[in-house]
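Everything numeric here is computed off the predicted structure, so don't read it as measured data. What's counted below: heavy atoms across the whole structure, side chains too, no hydrogens, waters or symmetry copies. Proteins get letters first, then strands, A, B, ... in listed order; numbering begins at 1 in each.
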Amino acid sequence: MSELRLSGVSKVYPNGVRAVSDVDLNIADGELLVLVGPSGCGKSTLLRMIAGLEDVTEGVVEIDGRIVNAETPRERDIAMVFQNYALYPHMTVRKNIGYSLRLGKVPRDEAAQRIEDTAALLELTDLLDRKPGALSGGQRQRVAMGRAIVRKPAAFLMDEPLSNLDARLRVQMRAEIIRLQRSLGTTTVYVTHDQVEAMTMGSRVAVLRDGLLQQVESPQVLYDHPDNLFVAAFIGSPSMNLYQGRIERTSTTARAVFGAHSFPLQDQWTEGDGSGGNDGREVIVGIRPEWLVEQTRDNADLPSVRVRVELVEALGSELVAHTTIEAAGAEIDTPELAEGHVSESSDGAPCLARLSPRSRVAVGETIDLAINHPSVHLFDAETERALRPDRDR
Amino acid sequence: MDTATSAPAPPDRISPTKRRIHLGRWGVHAVLLAYSLLALGPTLLIIMNSLKSRSAIFDDAFSLPTSETFDLVGYDTVLNGSSFDVYFRNSFIVTVASVLLVVFFSAMAAFALAEYDFKGNTMLALYLAIGIMIPIRLGTVSILKLMVSLGLINTLWALILVYTAMGLPLGVFLMTQFMRQVPRELKSAARVDGANEYRVFGLVLPLVRPGMAAVAVFTMLPVWNDLWFPLILAPAEDTRTVTLGASAFLGQFERNWNALLAALTLAMVPIILLYVIFSRQFLRGLTEGAIK
């Protein structure tokens, strides 16, 4: 049980690559914080620095108020779970779990008891005398968890522990890890590139991009109020539709115009000194796929967009329509985020919509989709920071 | 998506390419067989003739021993007429000690080279690699002087030290490759579990057992067969190795072919045994890695 505190932590490799830049992060006692970001964003490096496996170039890492920069992993009293499990292949499950206890000179009886308890907790009792080679992926994963749990460490560090499992097992282990973490109450830092994992597991989620911390918030706040374009595009699946646009305002109204479409902005945007400060401001307009619904008589008063349906994916519970919209798409230079979009064609930008499974949209049709949400996300085109009516008006 | 429209593979028939591969395989086997015969021929000749009488060796060296020509006089000379038990013991001590030292030290050096990022890492690896290319015998005179001043002439230690130096460059080179294959996360896991660097090294050792077996085999053969250094550094009667002892039959017993061939045949036995032991390890290590 303890609190982790990172202040101004940076990692610069000898070849000049800056993997992590000036990260400030507090992880409260018993909290599960998820570090999420695309591959190569420095999240694993950050975790390895907390573990003491990488030197900290700048900044301070504290565990329970104790500066641990110079301490070896064994002195920091943390346990780590690795992506490929990193089980010792020549040792039985029992010895794998008990290795740290043996090194820590825990008395033999107590060690045996703790191994048994941990194995029971993880339903590994029958497998204790097998070697890792004879275990399935899910079982290996549990052994790796057991190796961490048995030590009763100050904190768990997990480096993409589920990414080698198949989808079904991943969902199951995800729930199991959450349950374990809650019941043990051990401070945990969990690294993943999967935003679904991040949203479901973290009490708070820290989004990392190119070694820079973007936003640290609860999953819902991240989803509702992304601080910048990157977080907006990264969180949510399918990811947010983004278009280049600008703000047009008169003395009484304001609207966000993108391509052939526009969206009326809330009253706050029109308040103020009336000087039209934001008029003509270049912005990026963000619309979540789940805000779009088929236009009917009931919602005819909602702002709408006209799109051409290119592809329909029926998922049973919902229907994802890949469409094109007459507007200029906003580029964001992270390759991971480009996946899943229909490639940009000459007659518009891609627009994804999550529709009700009862919708009767057909490929090739041009339809109107209503935006069933009181606001759209606006980002400054230059800085990519989110515009808030209360702040940027 | 412009590359997605490549032609599908043609249906599986015995195509001309396949036939060519088939022929190629036979060719390879023919070459390998010829090479095996070439390599095994002299060995077979030695074993055959060691079992024949002296006149039979000279009459027809290429015939198998028959009931008339069968004669164990060579073995009798070797086992009863000389101190070959001492020679065998010496060879065995020197070989096993050198192999153990080479395996242990090259594993340690390789761990450091593969695991730690320190200044001069590459230079050190290159320096060691030079040792593979330059034969140690070029330094014989200096080695002799060194051994004389250390007072190690006519001791087994002189041989063990020289052979350890001789085997290390290749050993380090090979072990470094094996050490690099050990997943980084495994070592990280051990460190997080509280292992110090010696423990981490100890944990890695069983995982590079195939590498250690390979190094052992490569080190063992030239050491066992060497005539040069025993002759120069330890020619005394009680420090003689088998190879040197066998060479004494050329002259001391006025070219006693029976004894010489018998000694050579006997000298093969321990080395073959050692080879079998090490190569078992080698194979076990390989399959273990495959299951993992």
Chain B contact via [X] - which portion, at a heavy-atom distance below 4.5 Å:
X        : answer
A:Arg76  : neither
A:Glu75  : neither
A:Leu157 : neither
A:Ile78  : both

Requested in this report: Could you please spell out the steps behind the side chain to side chain contact (heavy atoms under 4.5 Å, CB included) verdict for B:Arg191 and A:Thr72?
Outcome: CA-CA 8 Å; B:Arg191 290 194 181 107; A:Thr72 61; over 6 Å; no

Could you grab the distance from atom [atom1] of [X] to atom [atom2] of [Y], nearest 0.5 Å is fine?
X        : Y        : atom1 : atom2 : answer
B:Glu185 : A:Leu53  : CD    : CG    : 10.0 Å
A:Arg151 : B:Asp193 : CZ    : CG    : 5.5 Å
B:Arg184 : A:Asn84  : CZ    : CG    : 10.5 Å
B:Ser188 : A:Arg48  : OG    : CZ    : 4.0 Å

Query raised in the report: Is a side-chain donor-acceptor pair under 3.5 Å present for A:Tyr13 with B:Asp117?
Result: no

Query raised in the report: Which atom pair, heavy atoms only, marks the closest approach of A:Met91 to B:Leu203?
Result: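 Closest approach of A:Met91 to B:Leu203, heavy atoms only: CE-CD1, 3.2 Å.
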
Report task. Could you tell me which non-hydrogen atom of A:Arg147 sits nearest to which non-hydrogen atom of B:Ala189, and how far apart they are? Result -> NH2-CB, 3.5 Å

Requested in this report: Please flag which part of B:Arg199 lies under 4.5 Å from any non-hydrogen atom of chain A: side chain, backbone, both or neither.
Outcome: both

